[in-house]
Undergrad: 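Sharing a structure with you now.
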Amino acid sequence: MHKSLPALMMALALPLSLPAAIAQTLSTPRAATSPSMPSSSMPSSSVPSSPNSASPAAPTMSPGLPPSAAPVVPGAATPGASGATPSALPPAMPGALSPGVTGSPSPSMPNVPAPQYAPPPTMSQPSYGTTALGYVGPSARSAPLTAEVTLQQLLDLVKTFSPSLAAERSTVAMAEADLMAAQTYTNPGVSFTTKRGEQETTLFQDVPIFGQRGKRIEAAQSGIEAARANLRLVYANALQDAARDFMSLLVAQEREKRWIDARQDLEAAARIVSGQVEAGSRSQYDLTRLDIERAQLDAQLAQAQGQTYEASARVAADVGEPAWRPRAAGAIVPRWASMNFDAMWPQAQTRLPSVRAALAQQTFAEKILESERREAYPVPTLSVGRVNNRQDGNSNTFGVSIGIPLFDRNQGPIARAVAEAQGQQLRARAVILAAEGELRRATDQLNRRQQLTERFEKEGLAMTPRLRQMAQDSYTLGRGGILELVDAIQAIAEKKNTYLDLIEAALQAEVDVRVASGELGADLE
């Protein structure tokens, strides 16, 4: 008894020391940390550096799409953004289509203030820390968000901070938990029985000698690969949405500038009309008509500014920063190159996230079927015991027990797994056929929109400077009236905005090709 006294004292002292230990732990500040996932579970995402930091010269960028681990599809639209092009973009083709279309903010002009964009507010949110899923909250960024963002910078932000992508990473963590469960052995059991003159203690353990545990582990590992493939698909969709929103913002900024240019043309015409009125060759009606046109252009400019703000909000939502209002850094100077389906499909069908996800799900279903079939084998139970009998003495017992698969041979789960495997095989084939059709459609649509844009630029947009000059000269010489001058200004603005609509359609078609070819989303490993 005296030997167990120290242990008893320690057991009694432990509850008394717990409150002090807890109080000390709570009073000690600690950094918010959480366990990290194994390196194999999820690719690490580096926080993109600020555009103000030292980096390669910013693209003479076409809003073409960023580099990826897979070979780059030739032929991208190139926006010029402070003078450099992402390495993933093809060499610029001769013949820029846009006559001086830039994406920089326009200077202010008389009576019409240039659109103002406040710098993004400083984010002051509590630190989220780095979770086991690899997601870091906004306050953990290495640099504040900037007022302008390039396409490549936006896609890097989406990869690191997209809320939907961060949520989808939890599926990989759950699949890894399934692997841990598959690798775990069942717990041993112990039984104790007593009767008059005899006590028996037995230890027993299930032993899956027919490979059930190995099949469960293979199925769980296949589940991890399927979860990662599905994560790549979600990542590709997030990049597609971000790229589309960036193109829309870039075009919205350019459309806003075009309405400012139209307003400037109207002011130049107003100076001519004022001179004619002062000389007595024109009436006050002409000035009144210009004032009405000025009010209409102001309304159209305000509407364009609202569209720019809305497009900026969508870009901010893509990276989970609703208070951020960025501007797209770049210029619309498209340079086209044809994209051929036959040259792109062999690589696309091996790297498309949708195809890889479908094939991974098919493999996972097949592994589940193998595991269920192996579960039909009975699992023997080994037992070791000790019997203490007052009359016969002590003895050891050894035994084995095994179930007889007479009625339950795991028929239901096996049938369900067979149906699931067949369904996944059919789904994978359907996904491959749909991906082939989508790439055909996307390449054909892009080539058609490129040709339409080129034709409109040559046949319609190139004539607008001459139309402006002819209208001004005709009014100055007294051969035309104020209505002809106003109609010319309106026609020029409409032609420029029609050209922007064609450019936006072509850029969106280019995004579709990048997604349909598997380029977007292939760099997430």
Undergrad: Tell me the closest heavy-atom pair linking Val355 and Ala435, and the distance in Å.
TA: CG2-CB, 4.0 Å
Undergrad: Between Gln424 and Glu420, does a side chain to side chain donor-acceptor pair (under 3.5 Å) hold up when you go through it step by step?
TA: CA-CA 6 Å; Gln424 289 295 344; Glu420 181 66 20; 2.9 Å; yes
Undergrad: Could you walk me through whether Arg271 and Glu267 pass salt bridge (Lys or Arg N to Asp or Glu O under 4.0 Å), step by step?
TA: CA-CA 6 Å; Arg271 289 191 290 270; Glu267 292 297 329; 5.3 Å; no
Undergrad: Hey, is the main chain of Gln347 close enough, under 3.5 Å, to the side chain of Thr350 for a donor-acceptor pair?
TA: yes
Undergrad: State, with a plain yes or no, whether a side-chain heavy atom of Ile482 is found less than 4.5 Å away from one of Leu290.
TA: yes
Undergrad: Taking the side chain as every heavy atom from C-beta outward, state whether Leu297 and Glu293 have any atom pair closer than 4.5 Å.
TA: yes
Undergrad: Determine whether Leu233 and Arg356 make a side-chain contact, defined as any pair of heavy atoms from C-beta on separated by less than 4.5 Å.
TA: no
Undergrad: For Leu249 versus Ala328, what's the shortest heavy-atom pair and its separation?
TA: CD2-N, 3.6 Å
Undergrad: Report the distance from atom CZ of Arg258 to atom OH of Tyr499, rounding to the nearest 0.5 Å.
TA: 8.0 Å
Undergrad: To the nearest 0.5 Å, how far apart are CD in Glu168 and CG in Leu165?
TA: 8.0 Å
Undergrad: Would you say the side chains of Gln508 and Asp512 form a donor-acceptor pair under 3.5 Å?
TA: no
Undergrad: First locate atom CG of Leu151, then atom CG of Leu239, and finally report the distance between them rounded to the nearest 0.5 Å.
TA: 9.5 Å
Undergrad: Return yes if some donor-acceptor pair links the side-chain N/O of Thr363 with the main-chain N/O of Leu359 below 3.5 Å, else return no.
TA: yes
Undergrad: Give the intermediate values and the outcome of side chain to side chain contact (heavy atoms under 4.5 Å, CB included) for residues Glu504 and Met247.
TA: CA-CA 7 Å; Glu504 182 177 13; Met247 302 302 179; 5.6 Å; no
Undergrad: With a 4.5 Å limit on heavy-atom distance, are the side chains of Ser274 and Leu287 in contact?
TA: yes
Undergrad: When you compare the side chain of Leu155 with that of Phe246, does any pair of heavy atoms fall below 4.5 Å?
TA: no
Undergrad: Rounded to the nearest 0.5 Å, what separates atom CG in Leu502 from atom CG in Leu507?
TA: 11.0 Å
Undergrad: Could you go step by step and tell me if Phe364 and Glu225 meet the side chain to side chain contact (heavy atoms under 4.5 Å, CB included) rule?
TA: CA-CA 8 Å; Phe364 181 40; Glu225 294 302 321; over 6 Å; no
Undergrad: Which atoms form the tightest heavy-atom contact between Arg448 and Asp444, and what is the distance?
TA: NE-OD2, 2.8 Å
Undergrad: Is Ser162 reaching over with its side chain to a backbone N or O of Lys159, donor-acceptor style, under 3.5 angstrom?
TA: no
Undergrad: Please report the shortest heavy-atom distance between Asp261 and Lys496, naming the atom on each side.
TA: CB-NZ, 4.5 Å
Undergrad: Are any of the side-chain heavy atoms of Leu301 and Arg263 separated by less than 4.5 Å?
TA: no
Undergrad: Write down the atom of Ala493, the atom of Ala262, and the distance for their closest heavy-atom approach.
TA: CB-CB, 3.8 Å
Undergrad: Calculate, to the nearest 0.5 Å, the distance between atoms CE and CE belonging to Met470 and Met463 respectively.
TA: 8.0 Å
Undergrad: Closest heavy-atom contact between Val319 and Pro163?
TA: C-CD, 4.1 Å
Undergrad: Tell me, with the steps shown, if Asp286 and Arg289 meet salt bridge (Lys or Arg N to Asp or Glu O under 4.0 Å).
TA: CA-CA 5 Å; Asp286 292 356; Arg289 185 66 180 80; over 6 Å; no
Undergrad: Report the residues that fulfil side-chain hydrogen bond (donor to acceptor under 3.5 Å, both in side chains) with Gln469, sequence neighbours left out, ordered by chain and then residue number.
TA: Asp473
Undergrad: Are the side chain of Ser517 and the backbone of Val513 linked by a donor-acceptor contact shorter than 3.5 Å?
TA: yes
Undergrad: Working note: Ser474 + Glu484, criterion side chain to side chain contact (heavy atoms under 4.5 Å, CB included); need CA distance, chi angles, decisive distance, verdict.
TA: CA-CA 9 Å; Ser474 176; Glu484 288 80 1; over 6 Å; no
Undergrad: Drop me the distance from Ile272's CD1 to Leu485's CG, to the nearest 0.5 angstrom.
TA: 7.0 Å
Undergrad: Just list the side-chain donor-acceptor pairs under 3.5 Å for residues 425-434, sequence neighbours left out, or say none.
TA:
none

Undergrad: Less than 4.0 angstrom from a charged side-chain N to a carboxylate O is my criterion; do Glu519 and Arg351 meet it?
TA: no
Undergrad: Does Phe341 reach the side chain of Glu436, with side-chain heavy atoms less than 4.5 Å apart?
TA: yes
Undergrad: Could you go through Trp324 and Val149, starting from their C-alpha distance and side-chain angles, then the distance that decides it, and tell me whether this counts as side chain to side chain contact (heavy atoms under 4.5 Å, CB included)?
TA: CA-CA 11 Å; Trp324 185 34; Val149 62; 4.1 Å; yes
Undergrad: Go through Glu256 and Thr308 one step at a time and tell me if the side chain to side chain donor-acceptor pair (under 3.5 Å) criterion holds.
TA: CA-CA 8 Å; Glu256 180 183 328; Thr308 302; 3.0 Å; yes
Undergrad: I need the single residue from Arg255, Lys495, Arg449 that forms a salt bridge (charged side-chain N to carboxylate O under 4.0 Å, His left out) with Asp501. Which is it?
TA: Arg255
Undergrad: Do Val486 and Gln490 come close enough that some side-chain heavy atom pair is under 4.5 Å?
TA: yes
